[in-house]
**Q** 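Have a look at the structure that comes next, please.
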Amino acid sequence: MRLIFATNNNHKLSEIKAILGERFCPYIFTMSDIGVSVNPDENGKTFMENALIKSNALYMEMKNKELLKDGDFIIADDTGLCIKHFNNAPGIFSSRFMGNITQKEKNLKILELMKDLDDTERYAFFITKLVVIEVDKVETDPKILDFEGKIDGYIAKKIEKTDGFGYDPIFAVGDYTDIYKGYVKTFSNLGIDIKNKISHRAKALLLLVEYLEKNHKI
Ligand code: ITT
């Protein structure tokens, strides 16, 4: 079995490896391990469509180059932060949100736009959609599976720590009542080990693990 991840995001990849842990190490492959590279336009209208675009691009590339093997799983992760106050934006536009500015600038801009909001108006969630193309036998049509992970939280009022990636410094886990306790649990504050136990990505990957175990793939 090979679990081949269709991502160009190294932060994401290192989280995936840490979440799956040592047991899965021998089975995890990156695009560069396989010697291929795809970077399709993520022009779908949903997380599911974008994850399918990415996994299918890698599947087709490997098929055309005759690199597929029986027992391959081609996996894409499409993730986004959805903020209620912005009608669930940035959502599928999480990487393109606010155009060509740095992630730090994006995070600061979001805090600025939300600075007058009441604690109860700061709800947000992270969602990960995994689309998995299961190649049982190279010569037969593959199966398409999908798994989802979601975590509720809120947008913090200030950045205390910048560890992690993307929106980690401003997304806090839990609900706004935690704000009153003075304990803001942003993913950056919690640290990567805790994030990887509870995150949207961890939840989605654990469903994949359950599938692999149930079907005796591992
Ligand atoms: P690939 O499509 O190559 O996997 P990407 O960076 O485009 O990489 P996504 O579309 O899934 O991946 O994610 C969009 C952006 O959302 C990403 O660039 C980060 O800024 C942010 N993001 C994704 N996962 C995150 C996480 O766990 N914590 C914080 N921000 C995250």
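Both ligands and their constituent atoms are indexed starting at 1 by order of listing. In this text the structure is predicted, and so the values were computed from the model without any measurement.
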**Q** Regarding Asn9 and Thr7, do their side chains bring together a donor and an acceptor under 3.5 Å, going by distance alone?
**A**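 No, because no side-chain N or O of Asn9 sits under 3.5 Å from a partner of the opposite role on Thr7.
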**Q** Just jot down the side-chain hydrogen bond (donor to acceptor under 3.5 Å, both in side chains) partners of Asp175, sequence neighbours excluded, or say none.
**A**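 Asp175 satisfies side-chain hydrogen bond (donor to acceptor under 3.5 Å, both in side chains) with Thr177 only.
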**Q** I'd like to know if the side chain of Thr186 pairs up with that of Ser188 as donor and acceptor (distance under 3.5 Å, no hydrogens or angles considered).
**A**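 Absent: no donor and acceptor within the cut-off.
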**Q** Taking CD in Glu213 as the centre, count heavy atoms belonging to other residues, nucleotides or ligands within less than 6.0 Å. Is the count above 12?
**A**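 Yes, because the 6.0 Å sphere around CD of Glu213 holds more than 12 heavy atoms from other groups.
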**Q** Check this for me: Asp141, atom CG, are more than 12 non-hydrogen atoms of other residues, nucleotides or ligands nearer than 6.0 Å?
**A**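 No.
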**Q** Indicate whether any N or O donor in one side chain lies under 3.5 Å from an N or O acceptor in the other, for Tyr167 and Asn107.
**A**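 Checked: Tyr167/Asn107 side chains show no N/O donor-acceptor pair below 3.5 Å.
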**Q** Contact residues of ligand 1 with a heavy-atom cut-off of under 4.0 Å?
**A**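 Ligand 1 pocket, heavy atoms under 4.0 Å: Thr7, Asn8, Asn9, Lys12, Glu15, Glu42, Lys54, Asp77, Asp78, Thr79, Ser94, Ser95, Gln103, Phe126, Phe165, Gly166, Tyr167, Asp168, Lys195, His200, Arg201.
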